[in-house]
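Here's the structure we're looking at; comments come further down.
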Protein chains: 2
Amino acid sequence: MATIEDVAKLAGLSRTTVSRVINDQPYVTDEKKQRILQAMDELGYVPNSSARRLRSQRTDTIAVLLPRITNPFFGNLIESMEKKASQWGYQVIVCQTHDSKKKELDYLQLLKTKQVDGVVMTSLVNEWEVVEPYLESGPIVLCNEYMEDTPVPMIHMDHRKAAYESTLHLIDQGCTNLAYLSGGTLTHLAMERLAGFKRALKERGLPFIEEAVMDWVIQVEDGRNAFRKIKEEFPLIDGVFTGSDEVAAGIVYEASHCGWAIPDDLAVVGFDNQMLSLLMAPAVTTVEQPITKMADRTIEVLIQQLLHSSSTTPRRYIYSHKLLVRNSSEKRHSIAK
Amino acid sequence: MATIEDVAKLAGLSRTTVSRVINDQPYVTDEKKQRILQAMDELGYVPNSSARRLRSQRTDTIAVLLPRITNPFFGNLIESMEKKASQWGYQVIVCQTHDSKKKELDYLQLLKTKQVDGVVMTSLVNEWEVVEPYLESGPIVLCNEYMEDTPVPMIHMDHRKAAYESTLHLIDQGCTNLAYLSGGTLTHLAMERLAGFKRALKERGLPFIEEAVMDWVIQVEDGRNAFRKIKEEFPLIDGVFTGSDEVAAGIVYEASHCGWAIPDDLAVVGFDNQMLSLLMAPAVTTVEQPITKMADRTIEVLIQQLLHSSSTTPRRYIYSHKLLVRNSSEKRHSIAK
DNA sequence: TTGTAAGCGTTATCAT
DNA sequence: ATGATAACGCTTACAA
């Protein structure tokens, strides 16, 4: 494998000059530049990335932590982030935490070992206190996930409000016994949504049915199971708030196959506006998130920190959602007065 | 940032001994080991990964090239690969080529720059001749994608056979005018499938309708457009082979919304057995791939190459598929005699 | 069992 | 405009 030394020798110049060419620095005559470029070509020379990183103390790489790539929401998020990052010459490393505290910390370790320059966290399962020390090793930006009193930039939606509106919508359709299905209570996000759900109930004087709260309902399969449980144990439930379109789809699917009418017997709302929600029959009411905008902003904010390591107070960017009402919740003859 | 030197000093030992502890090597007394571990802890020491890589010439990282992570097939593939790789202490870098020749080569460059020890290609858009030279820089394994006379291990299904069987199934259901929708003709895979499709037609004496072949039909949206085209331009078409469940879903969706009956007016088969195909109404007939098995084997094969750099002839592992017949193609009263 | 010392391939500093 | 030289932080012969 050819090194910079080999190139220098072949071109009859010094390593320094070759390095200048590699890094597009000034003070190299065109003639010598050409000689070097040709030598590089001849030897098939490629700079060794570990050596560059070691010397320059930069990796031009950022890590994006997410629960699982197979969740389309995060898939789309990472897709946009990568596009944006590459525009700035940055690589992205995808880090799946699978909602594990240990894995989350393992990946934050990348910051300490200098494998990445910065980190984006799109979910947060550890306590913030545990994560904060890693800030010493490099910038962290929160996208999607968020919390109060945290000294890092945050880019996200108002999930409490979104859940609140979804729930109001269900109530407006005449639902009076609502179930709440969540992807897990560990994250701050999940608590925000639950708060919005409860607030809507309270405002309309409806009871919060503790027993009809289910956690760790994430996949389609979980949604199917949840429906069966509702059918057998809580037949009075007439509306379901879910934190994901997959779960909503599972419910719609299983309900249809069990002879329940959606939305008349059971109204369902999902979250994220995934393709799936539109394709289901009936189509699933859901919350649209401005994924690309959030992703782009996140990368911009992180890279700005990387470039200027500015000590300005971290900003917070809040994006707005959109409730997409579809047939899984919209009753033809609304019972609401 | 503490270095190995700092730890050595604090523990009153040499860098070498510290290094031995870091790498779990023998010949360190328990007492000194403890002293070192404590020093590391005290200083919050973490080995610098660039330095290790530079010195050891290994990255313990492999790159997996795929078209797009938002395609659930590849999402699941990468999920399994990552799991397997981490069992061996390897990291995985996800590289989205978006079917671009340039990006594919850019990512292969990771091998040359020593950012990764090996590469898995799950799709191949460049000519093999262009890719082959990269083998000098490290091992490459093909998973999913495959071709003849290539000196690298291959792990894949027989796509020609799968397409052949799907097509026969459509014909058995009484279809006589078949359309063929492909995700792109660039890959060898696509050609294999087309060959299987054609063979089935030929065997049953049906015509191959050149005009009803559509390329670059990938997403749900493409499927919807494809249906509209069929409806307007080729109303005689009564069966469609598609290379993806998304496309099939788009067709089913659009057809239903246009008043066509699936499968009676139009039978549809998809590919990959994605969740979506089961959830559609009607559910989509599809081809199940043994994703986890293929992913696991791929990583094992690659890591074996990494560990032993054996010069044995590269093996080829062919896995078998399973045609899942569902309502998008199975006619209640089969017309076939 | 432990330590010395020589690199790994770059880039940054300082001369020239 | 170009070059010599010293790091960057670690691993690994080899010596002790």
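Just so it is clear: chains get the letters A, B, ... in the order the sequence lines come, proteins before strands, and each one is counted from 1. Side chains are part of it too, since the values below use all heavy atoms of this structure and drop only hydrogens, waters and symmetry mates.
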Does dG9(C) have its OP1 or OP2 closer than 4.0 Å to a side-chain nitrogen or oxygen of Gln57(B)? yes
Centre-to-centre under 6.0 Å for Tyr319(A) and His156(A), is that the case here? no
Using a cut-off of less than 4.0 Å, is there contact between a side-chain N or O of Arg15(B) and OP1 or OP2 of dT4(C)? no
Looking across every strand, which nucleic acid part, if any, lies under 4.0 Å from Val46(A) by heavy atom: base, sugar-phosphate, or nothing? sugar-phosphate
Closer than 4.0 angstrom, basic N to acidic O: yes or no for Asp60(B) and Arg53(B)? no
So, Glu79(A) versus His98(B): side-chain donor-acceptor pair below 3.5 Å or not? yes
Taking atom P of dT10(C) as reference, at what distance in whole Å does atom NZ of Lys112(B) sit? 14 Å
Would you tell me whether Ser14(A) and Thr17(A) have side-chain atoms, one donor and one acceptor, within less than 3.5 Å of each other? yes
Roughly how many Å is it from CZ in Arg55(A) to C1' in dA6(D), rounded to a whole number? 8 Å
Most 5' of Arg52(A) and Glu31(B) on DNA chain C, judged by nearest nucleotide: Glu31(B)
Closer to the 5' end of DNA chain D via nearest nucleotide, is it Ala51(A) or Lys32(A)? Lys32(A)
Choose from dC8(D), dT11(D), dT10(C) the nucleotide whose nearest atom is closest to any side-chain atom of Ile4(A). dT10(C)
Electrostatic pair Arg316(A):Glu148(A) at N-O distance under 4.0 angstrom: yes
Would you kindly say whether Gln91(B) and Glu82(B) are connected by a side-chain donor-acceptor distance under 3.5 Å? no
Is any side-chain nitrogen or oxygen of Asn23(B) closer than 4.0 Å to OP1 or OP2 of dT11(D)? yes
Closest of dA4(D), dT12(D), dG9(C) to the Asn48(A) side chain is dG9(C)
Compare side-chain N and O positions of Thr3(A) against OP1 and OP2 of dG9(C) and report whether any pair is under 4.0 Å apart. no
Closest heavy-atom contact between Tyr27(A) and Arg20(A)? O-CD, 4.1 Å
Provide, to the nearest angstrom, the distance between the CZ atom belonging to Arg53(A) and the C1' atom belonging to dC10(D). 16 Å
Angle separating the five-pair end axes of the helix from dT1(C)-dA16(D) to dT16(C)-dA1(D), nearest 10°, is 30°
Take atom CD of Gln25(B) and atom P of dT1(C), then tell me their distance rounded to the nearest Å. 13 Å
Interatomic distance, Met1(A) CE vs dG9(C) P [rounded to whole Å]: 10 Å
Quick one: do Asp99(B) and Arg68(B) make a salt bridge, cutoff under 4.0 Å? yes
Checking only heavy atoms, does the side chain of Arg20(A) share a donor-acceptor pair with the base of dG3(D) at less than 3.5 Å? yes
Select base, sugar-phosphate, or nothing to describe what Pro47(A) touches, counting heavy atoms under 4.0 Å on all strands. sugar-phosphate
When you check the phosphate oxygens OP1 and OP2 of dA16(D), does a side-chain N or O of Tyr27(B) lie under 4.0 Å from one of them? no
Please determine whether a side-chain nitrogen or oxygen atom of Ser14(A) lies at a distance below 4.0 Å from atom OP1 or OP2 of dG3(D). yes
Looking at Ser19(A), I'd like to know whether one of its side-chain N or O atoms comes within less than 4.0 Å of OP1 or OP2 on dT11(C). yes
Phosphate-side-chain proximity, Thr17(B) and dG3(C), N/O vs OP1/OP2 below 4.0 Å: yes
Could you state the atom-to-atom distance from CD of Glu5(B) to C1' of dT4(C) in whole Å? 12 Å
Heavy-atom closest pair (Met157(A) atom, Ile318(A) atom, distance to 0.1 Å) is C-CG2, 4.3 Å
Reckon Thr29(A) has a side-chain N or O less than 4.0 Å from the OP1 or OP2 of dT2(D)? yes
Once you round it to whole Å, what is the distance between C1' of dT11(C) and CG of Leu54(B)? 12 Å
How many whole angstroms separate atom CD of Gln115(A) from atom P of dG9(D)? 16 Å
